[in-house]
Amino acid sequence: MADAALPHDHHDAHGHDDHGHGHLVENNFLGLPNLKLAMWAFLGSECMFFGSLIAVYFFYHGLSIDGPLPADVFSVTVTSISTFVLLASSFTMAMAVDNMKTGKVQAAKLFLLSTAFLGLIFVGFQVYEFQHFWLDKGLALQTSLFASSFYVMTGTHGTHVTVGIIWLLMVWSFIHRGKIKAGNYLPVEVAGLYWHFVDIVWIIIFTFVYLLEF
Amino acid sequence: MASIADLPQSEAPIQHMVRPAKVGITSWLTTVDHKKIAIMYGVAATFYFLLGGLEALIFRAQLSVSNAGLISGETYNALVTMHATTMVFMAVMPMAASLSNLLIPLMIGARDVAFPRLNAFSLWMFIAGSLVLNASFLFGAPSAGWFGYAPLTGNDYSGIGVDFWALGLVLLATSSMSAGVNFVVTVFNLRAPGMTLMRVPVMVWMLTVIQFLLAFSFPPVAVGLILLIFDRFFGTTFYLVSMGGDPQLWQHLFWLFGHPEVYVLILPSMGVVSEVLPVFSRKPLFGQTFVIFSGIFIGFVGFGVWAHHMFTGGMGPLADSAFSIATMIIAIPTGVKIFNWLGTIWGGKIRFTVAMMFATSFIPLFTIGGLSGVMLASPPLDLQVHDSYFVVAHFHYVLVGGAIIGLFSGMYYWYPKFTGRLMSERLGKIHFWLFVIGLNLTFFPQHFLGNWGMPRRIYTYPPDAGWDAVNMLCTIGALIMAAGTGVLIYNMVISAVRGEKAGRDPWDASTLEWLTASPPAPHNFDFTPVVLSERPLWDHKHTPGMQIEEPTQPEVIHMPAPSWKPLWVSLAVVGFVLGLLLTRFNFYGDANPDVWVGYGIMIFSGLMIPVTIYRWIDEPC
Ligand SMILES: [Cu+2]
C-alpha cells in the first residue's frame with residue numbers, strides 16, 4: 001500500500017526490464033497489476049473491518065439504557081448535505097483518474113485538489129456534528145451504547161476520509177514534482193479505488209444508520 | 001537422467017545492478033530481501049517458542065502436585081495467558097511467516113515478494129508487537145486468558161497488562177494483514193512463466209489460503225480490540241454490563257477471528273506434510289488437486305464455524321445446531337487430506353529422514369486432535385466437557401501434535417535452504433523421539449483428567465481429587481518435550497557451523513526452491529525458470545524432454561535496494577502506541593501530568609506517520 005505512488009512499468013512474463021523501474025516479474029493475474037490487486041485485497045480486508053463496526057452498531061441498536069436516542073440527535077438535513085458533498089467528491093475523483101488517463105495532467109491535479117477539498121468539507125461537517133451532539137444534545141462518548149458505537153463507527157470512517165485526503169495530497173505532490181508522469185495513471189486510479197470505497201461505506205452508514213431511524 | 005551437477009548454472013556473469021552491499025547490523029535493519037526477513041522471523045519465532053515453553057514449564061511444575069504453592073493464582077493466570085498468546089502469535093504464526101517468506105517466492109520462481117519494503121514493514125510490526133506484549137511482564141502481565149473475554153479485560157478487573165496485550169495484538173494484526181495482502185499479490189502476480197495455479201506447489205497453496213485468512217479474519221478482532229482500547233482508555237461502554245453491554249459481543253468478534261486463526265496455525269503444517277511425504281516416498285502427491293481444493297474449502301468454511309466456541313453461552317438450539325453441523329462438515333476435507341497423505345506413502349520407496357519421521361507422525365497425532373474436535377463439535381458433549389482438560393488435550397493435539405510437529409518437519413526439510421548446511425540426522429532422531437514421547441505423555445492423559453472433571457484455568461487442586469499421579473505424569477512429559485526442544489536448538493546452532501554441506505538439492509526434491517543454490521543468491525535464480533509441470537525440478541532431472549532450459553540471452557536483473565524507510569514508518573507507529581500506553585502511567589502521583597506527555601508523543605508520532613510514508617514512496621528502489 002505504501003509503494004503506492006511508484007511508477008510501475010508492466011513487464012511481460014519474461015521480465016525484460018529496460019527502464020529500471022519495476023523489479024519483479026509480473027503475471028498480471030486477471031489483468032491486474034500488483035498495486036491494483038493489492039488494493040483490492042486491502043479493500044476486501046476493509047470490508048470485514050467496516051462490516052464488523054457496523055454490525056457492532058446494530059448489535060447494540062435499541063439497547064442503550066441512558067441518554068439521547070438516534071432520533072433525538074440526528075438531523076437528516078445536515079447529514080444529507082455532507083453526504084452530497086462526499087458523493088460529489090467521488091465524481092471529481094473519477095474526473096481526476098479520467099484526465100490522468102488521457103494525459104491532461106493539469107486538469108487531473110486540479111480535480112485531485114478539489115476531491116481533497118470536498119473531503120475536508122465532509123470531515124468539517126463531522127466535527128460540527130460530533131461537537132453538536134456532545135455539547136448541545138448531551139451525547140458524550142461515554143453516555144450510552146448508542147453513543148459509543150455511533151462515535152467509534154463514524155469516527156473510524158472520518159479517520160479513513162482523513163487518510164484519503166492525505167493520500168490524495170501526496171499523489172498531487174508526486175505529480176507536481178514530476179515523479180508521476182503523464183500516462184502513469186495507476187497511482188491515481190488506486191487512490192481513487194480507496195476513495196470510492198470510503199464513499200460507499202458512508203452511503204451504507206447514511207442509509208442504514210441515519211435514514212432508517214425515521 | 002540428469003544429476004544435480006547437470007543443473008543449469010550460469011557461467012556468464014549475471015548482469016544485475018550492483019549496489020553497495022551493506023554489512024553487519026545495518027544490512028539486517030535495512031534489508032528488503034525475503035530470505036533475510038524469513039531468517040529474522042524464524043529466529044524470533046524460535047526464541048518465543050522457548051519463552052512460551054518456559055512459561056508452560058513453570059505452571060506445569062505448579063500443577064504437578066496438589067495444593068502446590070510454587071506460584072500464586074494471579075501469576076498462574078498471567079503465565080497461562082502469556083503462554084497461549086506467545087505460542088499462537090509469536091511462535092507458530094511467525095514460523096509460518098518465516099516459511100511464507102522463504103518459500104513463496106522461491107517455490108513460484110520469483111525474485112522477491114510483490115512489495116519488498118512492505119514485507120520489511122510487516123516484520124518490524126511483528127517485532128514491535130511482540131516486544132510490547134512481553135513488556136507487560138514489567139508492569140503486571142495480563143491474566144485474562146489469551147481469548148481476553150469481556151468483562152474480565154475491563155478496567156474493573158484487569159490492570160495495565162491488558163493495555164499492553166490489546167495494543168500489542170493490534171500491532172501484530174497490522175503485521176499479519178499487511179503481509180497477507182503482500183503475499184496474495186505475490187502468488188497471483190509473480191509466478192514464473194508456465195506456473196499455472198494448479199501447478200503451484202501445495203505448500204504455497206496452503207500458505208496462500210492462510211494469507212487470505214489473515215487478511216480477512218484479523219479485521220473483526222481488530223475491531224474488538226479497538227473497542228476494548230476505547231473502553232479502557234476513553235471510557236466507552238462497549239463491554240460494560242452496567243451500561244447494557246453484552247459480553248457475547250467480544251466473543252463473537254474474537255472467535256470470528258479465532259477459528260480461522262486455527263487454520264492459520266494448522267494449514268502451513270498440512271502444506272509441509274504435502275511436500276515432505278512425496279519427496280521421501282519418491283512418488284507424486286496422491287490427488288494434488290483434491291488436497292488444494294480441500295485446503296481452500298477448509299479456509300472458506302472456517303469462517304462459518306466460530307460460534308462452536310460459544311455453545312455454553314446460551315445462543316439457543318438453532319444456532320448451536322447450525323454451527324455444530326458446519327463444524328462437522330470441516331472434518332470432510334480434512335479427512336480427504338489424511339487419505340491423500342496415506343495414499344502418497346502407500347507403495348512408495350520411503351526414506352525415513354527426520355523430516356519424514358515428523359511428517360508421518362503428524363498424520364496420527366493430528367488425527368487424534370481432529371477426532372476429539374469432531375466430538376467437541378457436538379453441543380451436548382461440549383456442554384459436558386466444556387472448560388475441562390479434555391478441551392486442553394484436544395487443542396494441544398491439534399496445535400502441538402499437528403502444527404508444531406509439522407513445522408518441525410519443515411524445519412529439518414528447509415533448514416539446508418536457509419543455511420546451506422544439513423541438520424544432524426542423529427540429533428534430529430533424538431529430538432524426534434523425546435518430543436513425540438513427551439507430547440503424548442503430556443497431553444494424552446489430559447483427556448482422562450477432563451473426563452474425571454478437572455477444570456481448566458485452576459492453579460491448584462485438592463489432594464482428594466485423585467488427580468495427582470496423572471498431573472505428575474503430564475509434568476514429566478512436559479520436561480521430556482523440553483529436553484527434546486533443547487536438542488533441537490543445539491542441533492540448529494551446531495549444524496549452522498558444522499553441518500554437512502547441503503548443495504542445491506539434498507533431498508532429490510521436485511519444487512523450484514531446490515533448483516537454486518543453498519542459501520540462494522539475493523536474486524534467487526540466475527534466470528527465470530519456465531515451468532512445464534507441477535513437479536518442475538523432478539521432471540527436469542528425471543523426465544526426458546522436460547528440462548528447464550536456460551535462456552540464451554542473459555537476463556537483466558534488477559533487485560530492490562535496501563531501505564531504512566520501513567523501519568522509520570514502524571517507529572512512528574510504535575511511538576503512537578507507546579504514547580498511548582504512557583497515558584496510563586502516573587509517575588508523579590497526584591496531578592497525573594504524564595497523560596500530556598503521552599498525548600504529546602502520540603501527536604508527534606501521528607504526524608510522523610504520513611511524513612515517513614511520503615519519504616518511503618519518494619525513495620527510488
Ligand atoms: Cu474453532
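- Residue A:Phe208 qualifies as open at atom CZ: its count of foreign heavy atoms under 6.0 Å is 12 or below.
- Between B:Pro610 and A:Ile166 the shortest heavy-atom distance is CB-CG2, 4.0 Å.
- No more than 12 heavy atoms of other residues, nucleotides or ligands shown are found within 6.0 angstrom of CZ on B:Phe300.
- To the nearest 0.5 Å, atom CZ of residue B:Phe115 and atom CG of residue A:Asn34 are 5.0 Å apart.
- Donor-acceptor pairing under 3.5 Å is lacking for the side chains of A:Tyr151 and B:Thr236.
- Between B:Phe230 atom CZ and A:Gln142 atom CD the span is 10.5 Å, to the nearest 0.5 Å.
- Contact annotation for A:Ser144: only backbone heavy atoms (N, CA, C, O) come within less than 4.5 Å of a heavy atom of chain B.
- Put simply, the side chain of A:Trp40 does not reach to within 4.5 Å of the side chain of B:Val185, judged on heavy atoms.
- Proximity to chain A (any heavy atom under 4.5 Å) is restricted, for B:Leu253, to the side chain, taken from C-beta onward.
- Within 6.0 Å of NE2 on A:His176 lie no more than 12 heavy atoms contributed by other residues, nucleotides or ligands.
- Just one residue in the list B:Val223, B:Leu227, B:Ile226, B:Val221 forms a side-chain contact (heavy atoms from CB on, under 4.5 Å) with A:Ser52, and that residue is B:Val223.
- Annotation: B:Trp568, atom CH2; neighbour count of heavy atoms from other residues, nucleotides and ligands within 6.0 Å does not exceed 12.
- For a residue to count as touching a neighbouring chain, one of its non-hydrogen atoms must lie under 4.5 Å from one of that chain's; by this rule B:Thr612 does not touch chain A.
- One distance of note links CG of B:Asp618 with CZ of A:Arg177; it measures 4.0 Å at 0.5 Å rounding.
- Heavy-atom neighbours of chain B within the stretch residues 53-64 of chain A, taken at a separation under 4.5 angstrom, comprise A:Leu53, A:Val56, A:Phe59, A:Tyr60.
- Within 6.0 Å of OH on A:Tyr185 lie no more than 12 heavy atoms contributed by other residues, nucleotides or ligands.
- Note: B:Tyr614 and A:Phe174 meet the aromatic proximity criterion, with ring centroids under 6.0 Å apart.
- Once rounded to the nearest 0.5 Å, the distance linking OG1 of B:Thr237 with CZ of A:Phe146 reads 11.5 Å.
- Within a 6.0 Å radius of CZ in A:Phe130, more than 12 heavy atoms belonging to other residues, nucleotides or ligands are found.
- From A:Met48, atom CE reaches atom CE of B:Met177 across 11.0 Å, with rounding to the nearest 0.5 Å.
- Contacts of B:Asp231 with chain A are absent, with no heavy-atom separation under 4.5 Å from either backbone or side chain.
- The 12-atom threshold is exceeded at CZ of A:Phe133, counting heavy atoms of other residues, nucleotides or ligands nearer than 6.0 Å.
- Looking at A:Leu145, the atoms closer than 4.5 Å to chain B (heavy atoms on both sides) sit in the backbone and in the side chain alike.
- Residue B:Phe216 comes nearest to A:Gly44 through the heavy atom pair CE2-C, 3.1 Å, listed as atom of the first residue, atom of the second, then distance.
- Side-chain N or O atoms of A:Ser45 include one that pairs as donor or acceptor with a backbone N or O of B:Ala215 at under 3.5 Å.
- Side-chain atoms of A:Ser148 do not come within 3.5 Å of backbone N or O of B:Phe238 as any donor-acceptor pair.
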